[in-house]
Structures are given as C-alpha cells and as structure tokens.
Amino acid sequence: MNKNRLLLVDGMALLFRSFFATAVRKQFMINSKGIPTNAVQGFLRHFFTALESSQPSHVAVCWDMGSKTFRNDIFQDYKSNREAPPVELIPQFDLAKEVTSAFSIPNIGLPGYEADDCIGTICEQIKKDIHVTVLTGDRDLLQILDDQVHVWIMQKGIGHYAKYTKLSFTEKFQMEPKQLVDVKALMGDASDGYPGVKGIGEKTAMKLIQEHGNIESLLENLSALTPSQRNKIEQDKEMMHMSRELAKIHCNVPVTIDLEEANWPGVPHTAFEIVQEHEMNTIRRQLYQLKQEVAEDPFAEWELSR
C-alpha cells in the first residue's frame with residue numbers, strides 16, 4: 001500500500017463502461033428482486049483491479065448528480081445529443097452509490113456540476129498533501145494533470161490503462177495539460193455536443209495551440225494563419241469562446257473530501273453483506289481475494305465455483 005495516495009474514481013465512467021460491456025449480449029444479471037446488477041458488478045471489478053494496481057491509502061468516488069449542469073445554462077444543447085440511459089441501467093445509479101457506501105468509501109457529487117468538476121476541485125484542494133491517481137474514461141480530465149496528480153484512462157478490458165503524468169503528457173503532446181482546454185475550444189467535442197470552430201479538427205487544433213499557446217495569442221496572430229483557418233475562426237469566434245468554457249473543468253466548486261473518511265483499511269464486513277443481498281455472484285471471487293485485509297470473514301460458508 002502507498003501510504004499517501006488517494007485513488008479518486010470517476011464513478012459514472014466505470015458504471016457506463018461496465019453496463020455496455022455486457023448489455024450488448026443482454027447479460028443484465030437480474031437478481032431475485034428484479035434489479036439488474038451488471039453495471040454495478042462491472043464497476044466493482046474495475047474498482048478492485050484499480051485498487052490492486054494503485055495500492056492507495058485512501059479512496060473516494062465522484063458522481064454526476066443529474067443530467068443538467070451549469071454548462072446547460074451556458075449552452076442549451078450541451079450533451080443533448082446523448083440518448084436517455086437504458087431502463088436496465090437506471091436503477092443501478094442508486095445501487096452503485098449504495099454499494100460504494102457499503103465499502104466505506106465516500107460518495108462525492110454536487111447537483112449542477114459534473115463529476116469532473118468535483119474531481120478537479122478535490123485534486124486542487126489536496127494535491128499538496130497527498131498524491132492523487134484519477135481513474136476515468138474521460139480524456140478531458142487530462143487537463144488537471146499536475147506533479148502530484150496522475151490520470152489513468154481506462155482502455156478496452158479491465159485493468160488496462162493509459163497512464164499519464166504531467167511530464168508524459170507534455171512530452172507526448174508538446175503542450176501543458178491546461179492547454180487542452182484551448183484545443184477543445186477549437187475542435188469542439190462531438191460526444192458532448194458542442195462544435196468548437198467548424199472545419200477545424202483535432203490535428204489542426206493541436207498544431208495551432210502548440211504554435212500559439214492559447215486562444216488569446218491565436219487571435220492576436222490571425223494574420224499568421226492560412227486564409228481558410230482565419231476565416232473559420234473569425235466566423236465561429238463566439239462559439240470558440242463558449243466551447244472553451246464548456247471544456248474547462250472547474251476546480252473551485254463547493255465540495256470537499258474528508259481524508260479520514262476516505263481512508264482505505266481494506267474490505268469491510270458491510271461489503272460482503274451487500275454482495276450477498278444483491279446476489280452479485282460474479283464478484284465473489286474477487287472479494288475473497290481481498291479478504292486477507294478483513295479481520296474476520298463473515299461469509300465463510302459461501303461456496304465459490306473454481
């Protein structure tokens with residue numbers, strides 16, 4: 001265990017990824033109460049693997065709290081292109097938080113803000129005191145990379161990550177992590193439903209920010225651009241500024257973390273209880289692999305298929 005490391009989990013990223021990994025085959029894992037558990041069980045499998053990889057001393061999970069945030073006030077169509085969650089996923093939102101609590105892990109979220117904003121805020125608050133590993137599937141969080149903040153982007157499968165430090169990001173992309181916001185201002189984000197500057201894609205956006213540093217400098221040097229680039233930016237200047245505001249992770253939202261509550265001593269008894277209650281059979285083996293951290297196994301009678 002790393003004695004001074006917080007694993008900060010993007011809960012929705014794990015939950016959605018887990019749901020769609022099994023939903024394509026209609027494997028919803030419905031228990032005797034009629035509640036699907038496939039997303040929650042996948043969430044836990046990702047979580048256990050990340051625990052093993054990062055060996056943290058502290059753990060917390062951040063969540064989106066509703067579909068509307070302050071970004072919808074800025075741009076009405078923000079994320080409006082996304083379909084409603086499948087009916088089999090909806091009851092698992094609350095169940096995932098219930099399970100997280102049963103593992104004695106803090107659930108953190110704030111209506112009106114995204115999990116990204118909560119993650120960024122917490123990192124800003126505590127990065128001087130503790131090293132933070134952020135587990136997510138969202139590349140937007142790369143903008144919060146710092147000397148004490150690393151970001152692991154989940155890849156296909158469980159336990160496969162693209163691991164970024166501030167140094168590795170800078171070496172790979174030839175820019176600072178915070179400049180990613182200016183790149184998104186130009187290229188937009190199709191998954192979030194904001195366009196940036198029409199006709200400017202990722203490669204061009206990266207090149208322009210690498211050369212000019214930020215949007216302000218770019219606007220001051222429009223004459224150095226090609227006529228096509230200059231025209232596109234001039235025509236979509238307002239949307240460019242709006243896209244940057246939408247892309248920026250806000251690191252000053254009113255959330256905090258209590259590191260005493262986030263302390264991770266190992267799997268508590270309540271975790272075994274909720275797994276049994278909701279018949280989460282696919283994660284029993286992994287719980288038993290972690291049981292050496294539990295003082296007493298309350299469910300020694302469980303039979304595991306081997």
Side-chain angles (χ1 to χ4, degrees), residues 1-18 39-64 96-109 114-155 157-166 168-169 177 249 251 255-268 270-271 283 286-287 289-294:
M1 176 184 292
N2 292 295
K3 295 183 178 180
N4 200 33
R5 182 187 300 274
L6 169 66
L7 175 63
L8 195 53
V9 178
D10 181 350
M12 285 300 186
L14 270 65
L15 199 66
F16 271 86
R17 178 179 290 261
S18 300
V40 176
Q41 294 197 61
F43 167 87
L44 287 171
R45 291 181 65 202
H46 278 290
F47 171 68
F48 293 154
T49 304
L51 276 178
E52 185 177 355
S53 296
S54 61
Q55 293 289 303
S57 55
H58 299 75
V59 182
V61 181
C62 291
W63 302 94
D64 294 336
K97 297 182 183 71
E98 181 185 348
V99 168
T100 300
S101 294
F103 274 77
S104 298
I105 297 169
N107 287 302
I108 299 172
E114 296 182 22
D116 287 5
D117 302 307
C118 297
I119 290 171
T121 296
I122 290 169
C123 289
E124 189 65 27
Q125 290 171 352
I126 67 172
K127 64 185 180 182
K128 292 181 180 178
D129 303 316
I130 189 170
H131 184 281
V132 185
T133 297
V134 175
L135 178 65
T136 183
D138 189 350
R139 290 171 60 86
D140 284 349
L141 278 163
L142 292 173
Q143 65 186 266
I144 68 169
L145 284 165
D146 211 333
D147 293 335
Q148 282 280 94
V149 178
H150 295 179
V151 176
W152 292 5
I153 306 292
M154 292 183 294
Q155 306 296 292
I158 294 178
H160 301 143
Y161 314 111
K163 298 181 179 181
Y164 288 92
T165 66
K166 182 179 179 181
S168 69
F169 178 94
I249 292 174
C251 297
V255 295
T256 58
I257 185 171
D258 185 332
L259 287 178
E260 288 190 12
E261 291 184 3
N263 182 60
W264 175 253
V267 181
T270 49
I283 64 164
Q286 284 184 283
L287 265 185
Q289 288 173 347
L290 294 169
K291 75 176 181 178
Q292 67 270 19
E293 299 183 25
V294 184

About how many Å separate CG of Asp138 and CD1 of Ile119, when rounded to the nearest 0.5 Å? 8.5 Å
Spacing of NE2 belonging to His58 relative to CG belonging to Leu8, to within rounding of 0.5 Å: 12.5 Å
For Val59 and Ile105, the nearest pair of non-hydrogen atoms, with its separation, is O-CG2, 3.7 Å
I'd like to know if the side chain of Arg17 and the backbone of Phe43 have a donor-acceptor N/O pair within less than 3.5 Å. no
For Asn4 and Ser57, indicate whether the former's side chain and the latter's backbone hold a donor-acceptor pair under 3.5 Å. no
Mind checking whether Val61 and Ile108 have side chains closer than 4.5 Å, heavy atoms only? no
On the 0 to 90° scale, with breaks at 30° and 60°, tag the Trp264-Phe103 ring pair as parallel, tilted or perpendicular. parallel
Between the OG1 atom in Thr165 and the CH2 atom in Trp152, the distance rounded to the nearest 0.5 Å is 12.5 Å
Rounded distance [0.5 Å steps], OG1 in Thr49 versus NE2 in His160: 9.5 Å
Would you compute the distance between atom SG of Cys123 and atom NE2 of His131 and round it to the nearest 0.5 angstrom? 10.0 Å
Okay, side chain of Asp117, backbone of Glu114: is any donor-acceptor separation there less than 3.5 Å? yes
How far does CG of Leu44 sit from OG1 of Thr100, to the nearest 0.5 angstrom? 7.0 Å
Any non-hydrogen side-chain atom of Val151 less than 4.5 Å from a side-chain atom of Phe169? no
Could you walk me through whether Asp146 and Gln148 satisfy the side-chain contact (heavy atoms from CB on, under 4.5 Å) test, starting with their C-alpha distance in whole Å, then the side-chain angles of each, then the deciding distance to 0.1 Å, before giving a yes or no? CA-CA 5 Å; Asp146 211 333; Gln148 282 280 94; 5.7 Å; no
Determine yes or no for a side-chain-to-main-chain donor-acceptor pair under 3.5 angstrom, with Glu52 supplying the side chain and Gly159 the backbone. no
Closest non-hydrogen atom pair, Pro268 against Ser104: CG-OG, 3.7 Å
Are any non-hydrogen side-chain atoms of Pro177 and Leu142 less than 4.5 angstrom apart? no
With a 4.5 Å cut-off on side-chain heavy atoms, are Phe48 and Ile158 touching? no
Distance-only donor-acceptor check, side chains Thr133 and Arg5, under 3.5 Å: yes
Measure the shortest side-chain to side-chain distance between Tyr161 and Met154 over non-hydrogen atoms and say whether it is less than 4.5 angstrom. yes
How close do Ala13 and Gly137 get, heavy atom to heavy atom, and via which atoms? CB-N, 3.6 Å
Between Ala96 and Trp63, what is the shortest heavy-atom contact and its length? CB-CH2, 3.6 Å
Check whether any side-chain heavy atom of Asp10 lies under 4.5 Å from a side-chain heavy atom of Val134, and answer yes or no. no
List the atom of Thr256, the atom of Gln125, and the distance in Å for their closest heavy-atom pair. CA-OE1, 3.6 Å
Identify the two heavy atoms, one from Gln143 and one from Ile249, that lie closest to each other, and give their separation to 0.1 Å. OE1-N, 2.9 Å
